[in-house]
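Numbers restart at 1 for each chain; the letters A, B, ... are given by sequence-line order, proteins then strands. The structure presented is a predicted model; accordingly, all values stated were derived computationally and were not measured.
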There are 2 protein chains.
Amino acid sequence: MNISDAAKLSGLPAKTIRYYESIDLFGAPRRAANGYRRYENTDIQTLCFLRQARQFGFNIGQCRLLLGLYKNPQRRSTEVHQLVSDKLKEVDAHIRELGETRDLLARLVGACANDEDAECAIIDTLAGQQEQSQVVEESKP
Amino acid sequence: MNISDAAKLSGLPAKTIRYYESIDLFGAPRRAANGYRRYENTDIQTLCFLRQARQFGFNIGQCRLLLGLYKNPQRRSTEVHQLVSDKLKEVDAHIRELGETRDLLARLVGACANDEDAECAIIDTLAGQQEQSQVVEESKP
DNA sequence: CTAAGCCTTACAGCAACTGTAAGGTCAAGA
DNA sequence: TCTTGACCTTACAGTTGCTGTAAGGCTTAG
């Protein structure tokens, strides 16, 4: 099948499939006489694997590792487990971080008068110079 | 003061300050005779504002808007409120999305035997072809 | 014959920086 | 005075994971 069929079946844009080929994430398929890429059903499996892994937040390097395990019949499931639980920790950390940002934003929203006045607690907070402990002298007055 | 002082005081890398100048987010400061950028204390306020806004997840475009409001004494706090509560909604949506990913990952981790065997529920799940409803015929068999 | 709809490559662009190279400036110490 | 090191400058490339665009070739239906 041609690349657009592979795209439909895998759920990845054709452009992305070519991109994965260009970075050697997905092996180059054989070509038809006219130069068109020809994909097999097994290629679709692999492309789906990549789409899913990306959807789960694995970056390209991690996808490469996962794909190596996927293709390796001698893999041990504990290796896969390790990769995925590391990613889980990563996502958890990200969620916590975002949660803190969320709370700070909520506090800002709550503090703002939300009226026609120029005075604004949000602006005041954003302009706060947390990093500045003292005023520095001009290098050359 | 020179750019490295401004960097220390604002908490932004000097490189980032130059970058903000290059994209017209932060106005170019006057130059000393030797060509060095000279920053005033009021510049530090603005740079801190930008650092904080970026930390809160506002992108450069949104920072531009916020900065406009910051610098405009005729602003109405409701405009600021709008921007920030929009961002809050954005962050909430992002957190929900990540939460779903987290749950799916946790399910994967739970399903994996985590042993020396090659059989792995994670690999099986990732290879699942959700998008594929039927096998497509070869375009040219 | 032509028009649409595929396919190909190559290059540019996105966000928001960060790294590197190549060179100018400045203050302190031997 | 020379030199060393820490600044500063610009310009360009690289990062991540694609996506858009251009320019052209192939294929198929009418």
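Distance A:Leu25 CG to D:dT16 C1': 13 Å, rounded to the nearest Å. Between B:Lys8 atom NZ and D:dC8 atom P the separation is 8 Å, expressed in whole Å. One interatomic measurement links the two molecules: CD1 of A:Ile17 to C1' of D:dC18, which rounds to 13 Å at whole-angstrom precision. If you take CG of B:Leu50 and C1' of C:dA16, they are 13 Å apart, rounded to a whole angstrom. Atom pair B:Arg51:CZ and C:dC17:P shows a separation of 13 Å (rounding to whole Å applied). One can place CD1 of B:Ile3 at 17 Å from C1' of C:dC26, the figure rounded to the nearest angstrom. Between the CZ atom of B:Arg64 and the C1' atom of C:dA16 there is a distance of 12 Å, rounded to whole Å.
Taking for each of B:Arg31 and A:Phe58 the nucleotide of DNA chain D with the nearest heavy atom, the 5'-most of the two is the partner of B:Arg31.
The phosphate of D:dT10 has OP1 or OP2 within less than 4.0 Å of a side-chain N or O from B:Arg37. Phosphate proximity of D:dA6 to B:Ser4: absent, as no side-chain N or O sits under 4.0 Å from OP1 or OP2. In this structure, A:Arg54 reaches the D:dC18 phosphate: one of its side-chain N or O atoms is under 4.0 Å from OP1 or OP2. Regarding contacts with the backbone of D:dC8, every side-chain N or O of B:Asn34 stays at 4.0 angstrom or more from both OP1 and OP2.
The pair A:Lys89-A:Asp86 meets the salt-bridge criterion, with a side-chain N (NZ, NE, NH1 or NH2) lying under 4.0 Å from an Asp/Glu carboxylate O.
To the nearest 0.5 Å, the span separating SG on B:Cys48 from CD on B:Gln52 amounts to 7.0 Å. Within the model, atoms CD1 of A:Ile17 and CD1 of A:Ile3 stand 5.0 Å from one another, a figure rounded to the nearest 0.5 Å. The CG atom of B:Leu66 lies 11.0 Å from the CD atom of B:Glu79; values are rounded to the nearest 0.5 Å. Taken to the nearest 0.5 Å, the CG atom of B:Asp43 stands 12.5 Å off from the CG atom of B:Asp5. Here CG of B:Leu47 is found 4.0 Å from CZ of B:Phe26. Values are rounded to the nearest 0.5 Å.
Residues from residues 93-103 of chain A placing a heavy atom under 4.0 Å of any atom in DNA chain C do not occur.
Note on B:Leu12 and B:Tyr36: separate hydrophobic clusters, where clusters join Ile, Leu, Val, Met, Phe, Trp and Tyr whose side-chain heavy atoms are under 4.5 Å apart, directly or indirectly.
Between B:Leu9 and B:Met1, the shortest heavy-atom contact is CD1-SD, 3.7 Å.
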Which pairs, protein N/O on one side and nucleotides 19-23 of chain D N/O on the other, fall under 3.5 Å?
{"from": "D:dT19", "atom 1": "OP2", "to": "A:Thr16", "atom 2": "OG1", "distance (Å)": "3.1"}
{"from": "D:dG20", "atom 1": "N7", "to": "A:Lys15", "atom 2": "NZ", "distance (Å)": "3.2"}
{"from": "D:dG20", "atom 1": "O6", "to": "A:Lys15", "atom 2": "NZ", "distance (Å)": "2.6"}
{"from": "D:dT21", "atom 1": "O4", "to": "A:Lys15", "atom 2": "NZ", "distance (Å)": "2.7"}

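When the nucleotides C:dA16, C:dT8, D:dC18 are ranked by their closest atom to the side chain of A:Ile60, D:dC18 comes out on top. Nearest to the side-chain atoms of B:Tyr20 among the listed nucleotides C:dC17, C:dT8, C:dC6 stands C:dC17.
Between the side chain of B:Tyr36 and the base of C:dG24, a donor-acceptor pair under 3.5 Å is found.
A side chain to side chain contact (heavy atoms under 4.5 Å, CB included) with B:Tyr70 holds for exactly one of A:Ile123, A:Leu126, A:Ile122; it is A:Ile123.
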